[in-house]
Q: 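Handing you a structure now.
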There are 2 protein chains.
Amino acid sequence: MKLDTLLHQELRLAIVSFLANDIEWASFNALIEVTESTKGNLSVQLKKLEAADYIKIKKRFKNNYPLTECRLTETGKEALQNYIQELRKMLNI
Amino acid sequence: MKLDTLLHQELRLAIVSFLANDIEWASFNALIEVTESTKGNLSVQLKKLEAADYIKIKKRFKNNYPLTECRLTETGKEALQNYIQELRKMLNI
DNA sequence: TAAACTAGTTTATGTTGTAAACTAAATTGT
DNA sequence: ACAATTTAGTTTACAACATAAACTAGTTTA
């Protein structure tokens with residue numbers, strides 16, 4: 001009973017595991033695509049991950065449009081490793 | 001975005017993965033111990049797993065006391081295998 | 001025979017997840 | 001020029017969920 005509750009949620013786990021896959025910075029829209037989520041849900045979950053310092057969010061403008069980009073922090077990376085470890089123990093895989 | 005939502009919850013996953021480990025029938029109290037959950041929570045989650053036909057619940061009396069025992073169904077076993085597969089894809093582990 | 005214990009279930013509460021509705025600005029069509 | 005549409009998100013309202021406290025029902029013990 002020790003799975004990181006922040007990571008033990010489908011969308012947040014999808015975000016973090018995608019960012020962990022060597023992605024430096026991923027855009028909001030890239031995350032929409034890979035996670036197949038809605039914008040509202042993604043926005044909310046990104047904020048939660050940022051609040052926990054699992055990801056860093058950078059906002060800028062590109063071609064006059066707002067652009068939100070995210071990357072994993074060290075904290076987030078470690079949390080994911082830890083989560084995976086616990087999961088493996090639990091499922092013994 | 002296709003993790004089985006019934007299994008993607010800590011207590012239910014703990015129950016099912018424990019039952020998958022070659023356990024034939026596990027008692028309510030055994031489940032309390034291995035999952036370190038409360039009785040109320042366990043009772044609720046067992047019902048949900050039973051409703052989905054992931055587990056079978058058998059009630060009888062032992063030494064005058066009620067005894068609740070559970071085992072995994074084939075449906076439950078398959079659901080777990082599938083869940084693990086999806087998870088591995090997602091986390092690529 | 002009252003108190004304490006066993007083995008659960010029900011429910012009340014707060015927490016969470018999610019999509020619909022909204023904001024704000026840029027672009028396009030007429 | 002200005003209305004309609006599109007881009008890029010955020011807010012929030014509602015539904016679903018998880019959980020522990022309170023409860024039920026019976027048993028054992030002192």
Side-chain angles (χ1 to χ4, degrees), chain A residues 1-19 25-52 54-71 79 83 86-87 90, chain B residues 1-19 25-52 54-71 79 83 86-87 90:
Chain A
M1 297 289 98
K2 43 201 162 210
L3 292 182
D4 182 332
T5 53
L6 204 71
L7 290 182
H8 196 60
Q9 194 263 61
E10 190 157 18
L11 181 48
R12 289 195 300 265
L13 186 58
I15 294 165
V16 168
S17 65
F18 175 67
L19 292 178
W25 290 92
S27 71
F28 192 92
N29 281 333
L31 288 171
I32 288 284
E33 276 185 38
V34 301
T35 63
E36 295 169 56
S37 64
T38 58
K39 297 187 289 178
N41 197 5
L42 181 60
S43 178
V44 170
Q45 307 308 336
L46 286 180
K47 268 192 192 168
K48 291 188 183 179
L49 291 171
E50 186 189 31
Y54 281 14
I55 65 170
K56 179 103 181 72
I57 298 182
K58 195 168 61 178
K59 282 162 191 285
R60 58 186 179 98
F61 282 85
K62 191 185 175 185
N63 305 328
N64 282 341
Y65 285 109
L67 177 63
T68 299
E69 293 173 299
C70 318
R71 73 169 165 72
Y83 172 79
E86 290 303 329
L87 206 61
M90 189 162 161
Chain B
M1 294 296 98
K2 43 202 163 212
L3 292 181
D4 182 333
T5 53
L6 205 72
L7 290 182
H8 196 61
Q9 195 263 68
E10 189 156 19
L11 181 49
R12 289 195 299 267
L13 186 58
I15 293 164
V16 168
S17 66
F18 175 68
L19 293 178
W25 290 92
S27 71
F28 192 92
N29 280 334
L31 287 171
I32 287 284
E33 276 186 37
V34 301
T35 63
E36 296 170 55
S37 63
T38 59
K39 296 186 289 178
N41 197 7
L42 182 60
S43 178
V44 169
Q45 307 308 334
L46 287 179
K47 270 193 190 166
K48 292 189 183 178
L49 290 171
E50 187 189 32
Y54 281 14
I55 65 169
K56 179 103 180 71
I57 297 182
K58 195 169 59 177
K59 282 163 192 283
R60 60 188 179 94
F61 281 84
K62 189 184 176 186
N63 305 331
N64 280 341
Y65 285 109
L67 177 63
T68 298
E69 292 174 300
C70 317
R71 73 168 166 74
Y83 172 79
E86 291 302 329
L87 207 60
M90 188 163 162

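Predicted model, so just to flag it, every value in this text is computed and none were measured. Every chain is numbered from 1, with letters handed out A, B, ... down the list of sequences.
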Q: Can you tell me how far the CG atom of B:N29 sits from the CG atom of B:L42, to the nearest 0.5 Å?
A: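 One gets 9.0 Å once the value is rounded to the nearest 0.5 Å.
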Q: Mind checking if A:K62 touches a base, just sugar-phosphate, or nothing, with heavy atoms under 4.0 Å?
A: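 The residue A:K62 makes no contact with any strand.
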Q: A:K58 NZ to D:dG9 P: how many Å, rounded?
A: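 Whole-Å distance recorded here is 13 Å.
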Q: Report yes if some heavy atom in the side chain of A:R60 is under 4.5 Å from a heavy atom in the side chain of A:E69; otherwise report no.
A: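 Yes. Closest side-chain heavy atoms under 4.5 Å.
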Q: Output the rounded distance in Å from CZ (A:R60) to C1' (D:dG9).
A: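 Whole-Å distance recorded here is 15 Å.
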Q: Return the minimal non-hydrogen interatomic distance between B:C70 and B:L19, and the atom names on each side.
A: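 Scanning both residues, the minimum pair turns out to be O-CD2, 3.8 Å.
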Q: Can you tell me how far P of D:dT6 sits from CD1 of A:I32, to the nearest Å?
A: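 From A:I32 CD1 to D:dT6 P: 18 Å.
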Q: Are any of the side-chain heavy atoms of A:T68 and A:L31 separated by less than 4.5 Å?
A: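 A:T68 vs A:L31: side chains apart.
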Q: Checking A:L87 against B:L13 for the side chain to side chain contact (heavy atoms under 4.5 Å, CB included) test, could you report, in this order, the C-alpha distance in whole Å, the side-chain angles of both residues, the deciding distance, and whether it holds?
A: CA-CA 10 Å; A:L87 206 61; B:L13 186 58; 4.2 Å; yes
Q: Checking B:N41 now: which residues fulfil side chain to side chain donor-acceptor pair (under 3.5 Å) with it, not counting sequence neighbours?
A: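 For B:N41 the side chain to side chain donor-acceptor pair (under 3.5 Å) partners, ignoring immediate neighbours, are B:Q45.
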Q: Separation of B:L46 atom CG from C:dT10 atom C1', in whole Å?
A: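 Interatomic distance, CG of B:L46 to C1' of C:dT10: 15 Å.
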Q: Only Watson-Crick and G-U wobble pairs with both distances less than 3.5 Å should count. Give DNA chain C in dot-bracket notation, marking inter-strand partners with |.
A: ||||||||||||||||||||||||||||||
Q: Have a look at B:S43 and say if it touches a base, only the backbone sugar-phosphate, or nothing, with a 4.0 Å heavy-atom cut-off.
A: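 B:S43: base contact, heavy atoms under 4.0 Å.
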Q: Between atom CD in B:E69 and atom C1' in C:dT6, what is the gap in whole Å?
A: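 My rounded result for the distance is 16 Å.
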Q: Listed by chain and number, what are the side-chain contact (heavy atoms from CB on, under 4.5 Å) partners of A:A79, not counting sequence neighbours?
A: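 side-chain contact (heavy atoms from CB on, under 4.5 Å) list for A:A79, sorted by chain: A:D4, A:L7, A:Y54.
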Q: Test side chain to side chain contact (heavy atoms under 4.5 Å, CB included) on B:T35 and B:F18; report intermediate values, then the result.
A: CA-CA 9 Å; B:T35 63; B:F18 175 68; 5.8 Å; no
Q: Can you list everything that forms a side-chain contact (heavy atoms from CB on, under 4.5 Å) with B:E33? Sequence neighbours excluded, please.
A: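 Applying side-chain contact (heavy atoms from CB on, under 4.5 Å) to B:E33 gives none.
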Q: To the nearest angstrom, how far is A:N29 atom CG from D:dT6 atom C1'?
A: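 Going from A:N29 (CG) to D:dT6 (C1'), I get 12 Å.
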Q: Using a cut-off of under 3.5 Å, enumerate the N/O to N/O pairs linking the protein to nucleotides 14-21 of chain C.
A:
{"residue": "C:dG17", "atom": "OP1", "partner": "A:R12", "partner atom": "NH2", "Å": "3.1"}
{"residue": "C:dG17", "atom": "OP2", "partner": "A:R12", "partner atom": "NH1", "Å": "2.8"}
{"residue": "C:dG17", "atom": "OP2", "partner": "A:K48", "partner atom": "NZ", "Å": "3.1"}
{"residue": "C:dT18", "atom": "OP2", "partner": "A:N41", "partner atom": "ND2", "Å": "3.3"}
{"residue": "C:dA19", "atom": "OP2", "partner": "A:T38", "partner atom": "OG1", "Å": "3.2"}

Q: Take B:Y83 and B:L6, measure what side chain to side chain contact (heavy atoms under 4.5 Å, CB included) needs, and give me the verdict at the end.
A: CA-CA 10 Å; B:Y83 172 79; B:L6 205 72; over 6 Å; no
Q: Listing time: all N or O pairs from protein to nucleotides 25-30 of chain D that are below 3.5 Å?
A:
{"residue": "D:dT28", "atom": "OP1", "partner": "B:N64", "partner atom": "ND2", "Å": "3.4"}

Q: Do B:I32 and B:S37 have side chains that approach each other closer than 4.5 Å (heavy atoms only, starting at C-beta)?
A: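 Yes, at least one pair of side-chain atoms sits under 4.5 Å.
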Q: Base, sugar-phosphate or nothing for B:L42? Non-hydrogen atoms, less than 4.0 Å.
A: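 B:L42: no heavy atom of the nucleic acid under 4.0 Å.
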